[in-house]
J.: 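This is the structure I want to talk about, given as C-alpha cells.
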There are 2 protein chains.
Amino acid sequence: MPRRCGKGPRWFCGELRGCGRRLTEAREIVLGVVDKSDEHLSAEDVFRAVRRVNRGIGLTTVYRTLDLLVNMNLLSRCDFGDGRARYERIRGTKEDHHHHHLVCTECKKVVNYRDFIEEEIELLGKTEKALSRKFNFTIRDHLIQFYGLCDKCRQRD
Amino acid sequence: MPRRCGKGPRWFCGELRGCGRRLTEAREIVLGVVDKSDEHLSAEDVFRAVRRVNRGIGLTTVYRTLDLLVNMNLLSRCDFGDGRARYERIRGTKEDHHHHHLVCTECKKVVNYRDFIEEEIELLGKTEKALSRKFNFTIRDHLIQFYGLCDKCRQRD
DNA sequence: GGTTTTAATGAAAATGATTTTCAATAAGAA
DNA sequence: TTCTTATTGAAAATCATTTTCATTAAAACC
C-alpha cells in the first residue's frame with residue numbers, strides 16, 4: 001500500500017532508520033493524525049482519521065504503529081479507566097510536557113493542566129524518596145488524575 | 001446452591017434486605033474472601049479462593065457479587081493498568097481508608113501508603129478548587145499512584 | 001409447614017479492545 | 001534491478017468482563 005518514502009519529517013525518518021525500521025506511509029499518516037489533534041485519541045479515533053487520508057490502512061496497523069510511536073517516545077499512552085487506551089503527542093522536553101489530566105466521567109472529555117505543578121513536584125519528590133526508603137521500591141513513574149463532571153454534563157443532569 | 005441464610009454478619013444481611021436484595025451463600029463467601037485477604041485481588045483470584053470453599057459457585061456470580069459489594073461501598077475497585085480490575089476491602093471511615101498505591105510493574109505487587117497524607121490532602125484541595133474554577137469541572141474523585149520496581153524485582157534484573 | 005414471587009445463579013454465548021498469525025507486499029540495502 | 005526482510009491487512013485468537021436465559025432458591029406470604 002505504501003508509495004514513496006522520505007517525505008515525512010527528516011528526524012522521524014532518521015530515528016526509524018537508526019533502529020533498522022522503515023518509514024512507511026501508514027506511519028507518517030498515523031503520526032500526522034495524532035500530531036495535528038490536541039484531543040486524547042483512542043485507537044479507533046486514529047483509525048477513522050487515518051482512513052480519511054488512505055482507506056487502505058488497517059486497524060491492526062494503526063495499533064502496531066501507535067505502539068511503535070509510544071516506544072519511540074513520540075506519543076504517550078493514557079488510561080482514563082474506560083477500558084480503551086488514548087494517545088497524546090509528546091511535545092517539547094519531558095519537563096515541558098509534564099502535566100496531569102482532568103477527566104469528565106460522563107462525556108470522557110479530558111483537560112490537561114499544570115496548575116500547582118511546582119508544589120506538586122516538590123511533594124512528589126518527598127513522597128517518592130520516603131516511599132523508596134520505606135518500602136524498598138525504585139520509583140519510575142506516577143499518575144495523578146482528577147475525575148468529575150464537565151460544565152455541560154453537570155447541567156444536563 | 002445456597003443453603004441456609006442469616007449466618008453471615010447481621011449488618012451485611014440488614015444492608016442487603018434494606019434494598020430488596022437477598023443474602024446468599026455466594027455473597028457471604030465472596031465478602032469473606034476479600035475481607036480476610038490484605039492483597040489486592042483480581043476477580044480470578046477471588047474466584048479461586050471462593051471455589052476452595054464451594055466448588056459450585058461460578059465466575060459470573062463472582063463478578064456480579066464484586067460489583068454489588070463495590071456499589072455497597074464494602075469494596076473498592078482499583079485499576080493498576082494491567083487490564084484487570086482488583087478489589088480491596090474498605091475498612092473504617094472514608095477518612096481512615098484514604099490511601100494511595102505503590103505498584104510494582106514487574107510482579108504487580110501493591111503497597112498501600114498514607115505518607116504525607118496531610119500535605120497531599122492540602123495540595124489536592126487547592127488543586128481541586130483551582131481546577132473547578134478554571135475549567136468549570138465538578139471534581140468527584142482523584143487517583144494518585146506510583147509505579148516502580150519492588151525490592152525483589154529490582155535485584156532480579 | 002407449604003406456596004408464591006422474583007432475585008440470584010451457572011453455563012454458554014456475546015462483547016469489545018487489543019494481539020497474533022500468516023501469506024502477500026514493499027522499503028531500502030546491495 | 002534484485003534481494004532481504006520489515007511491514008502490512010484480513011481473519012482468527014485472546015482475555016477480561018457482560019449478557020442471556022432457563023433454572024433454582026431466598027424470604028415474604030399464607
J.: Can a donor-acceptor pair be found, under 3.5 Å and without considering hydrogens, that links the side chain of Arg154(A) to the backbone of Asn136(B)?
T.: yes
J.: Can you check the Ile29(A) CD1 to dT8(D) P distance for me, whole Å?
T.: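 It is 11 Å, rounded to the nearest whole Å.
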J.: I'd like to know if the side chain of Ser42(A) and the backbone of Arg86(A) have a donor-acceptor N/O pair within less than 3.5 Å.
T.: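 Side chain of Ser42(A) to backbone of Arg86(A), a donor-acceptor pair under 3.5 Å: no, none is there.
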J.: Rounded to whole Å, please give me the gap between CZ in Arg51(A) and C1' in dT8(D).
T.: 13 Å
J.: Not counting sequence neighbours, which residues clear salt bridge (charged side-chain N to carboxylate O under 4.0 Å, His left out) with Lys134(A)? List them please.
T.: Asp115(B)
J.: Rounding to an integer number of Å, can you tell me how far Arg17(B) CZ sits from dA7(C) P?
T.: 15 Å
J.: Under 3.5 Å, sequence neighbours excluded: what are the donor-acceptor pairs made by side chains of residues 120-128 of chain B?
T.:
residue: Glu120(B); atom: OE2; partner: His100(B); partner atom: NE2; Å: 2.2
residue: Lys126(B); atom: NZ; partner: Glu119(A); partner atom: OE2; Å: 2.5
residue: Thr127(B); atom: OG1; partner: Leu123(B); partner atom: O; Å: 2.8

J.: Can you name the residues that form a salt bridge (charged side-chain N to carboxylate O under 4.0 Å, His left out) with Arg84(B), not counting sequence neighbours?
T.: none
J.: According to salt bridge (charged side-chain N to carboxylate O under 4.0 Å, His left out), who are the partners of Arg48(B), at least two apart in sequence or on a separate chain?
T.: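 Partners of Arg48(B) under the salt bridge (charged side-chain N to carboxylate O under 4.0 Å, His left out) test: Glu44(B), Asp45(B).
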J.: Please report the distance, rounded to the nearest Å, between CG in Leu23(A) and P in dA29(C).
T.: 12 Å
J.: Nearest-Å distance, CD1 (Ile57(A)) to C1' (dA24(C))?
T.: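 After rounding, the reported distance stands at 17 Å.
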J.: Which ILVMFWY residues can you reach from Tyr147(B) by hopping between side chains whose heavy atoms are under 4.5 Å apart?
T.: Phe80(A), Val103(A), Val110(A), Leu143(A), Tyr147(A), Phe80(B), Val103(B), Val110(B), Leu143(B)
J.: Show each protein N/O and nucleotides 3-5 of chain D N/O combination with a separation under 3.5 Å, one pair to a line.
T.:
residue: dT5(D); atom: O2; partner: Arg22(A); partner atom: NH1; Å: 3.4
residue: dT5(D); atom: O2; partner: Arg22(A); partner atom: NH2; Å: 3.3

J.: List for me each residue that meets side-chain contact (heavy atoms from CB on, under 4.5 Å) alongside Asp35(A), sequence neighbours excluded, and say none if there are none.
T.: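 side-chain contact (heavy atoms from CB on, under 4.5 Å) list for Asp35(A), sorted by chain: Arg89(A), Arg91(A).
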J.: Test of understanding: with salt bridge (charged side-chain N to carboxylate O under 4.0 Å, His left out), list the residues that count as partners of Glu39(B), not counting sequence neighbours.
T.: none
J.: Give the B/S/- string for nucleotides 13-21 of chain C, one per nucleotide from 5' to 3', where a protein heavy atom under 4.0 Å of the base yields B, of only the sugar-phosphate yields S, and otherwise -.
T.: ----SBBBB
J.: Whole-Å distance between dT24(D) P and Arg27(B) CZ?
T.: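 Value for this atom pair: 19 Å.
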J.: Find the distance Glu28(A):CD to dT8(D):P and express it as a whole number of Å.
T.: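 It is 11 Å, rounded to the nearest whole Å.
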J.: Provide, to the nearest angstrom, the distance between the CZ atom belonging to Arg55(A) and the P atom belonging to dT8(D).
T.: 18 Å
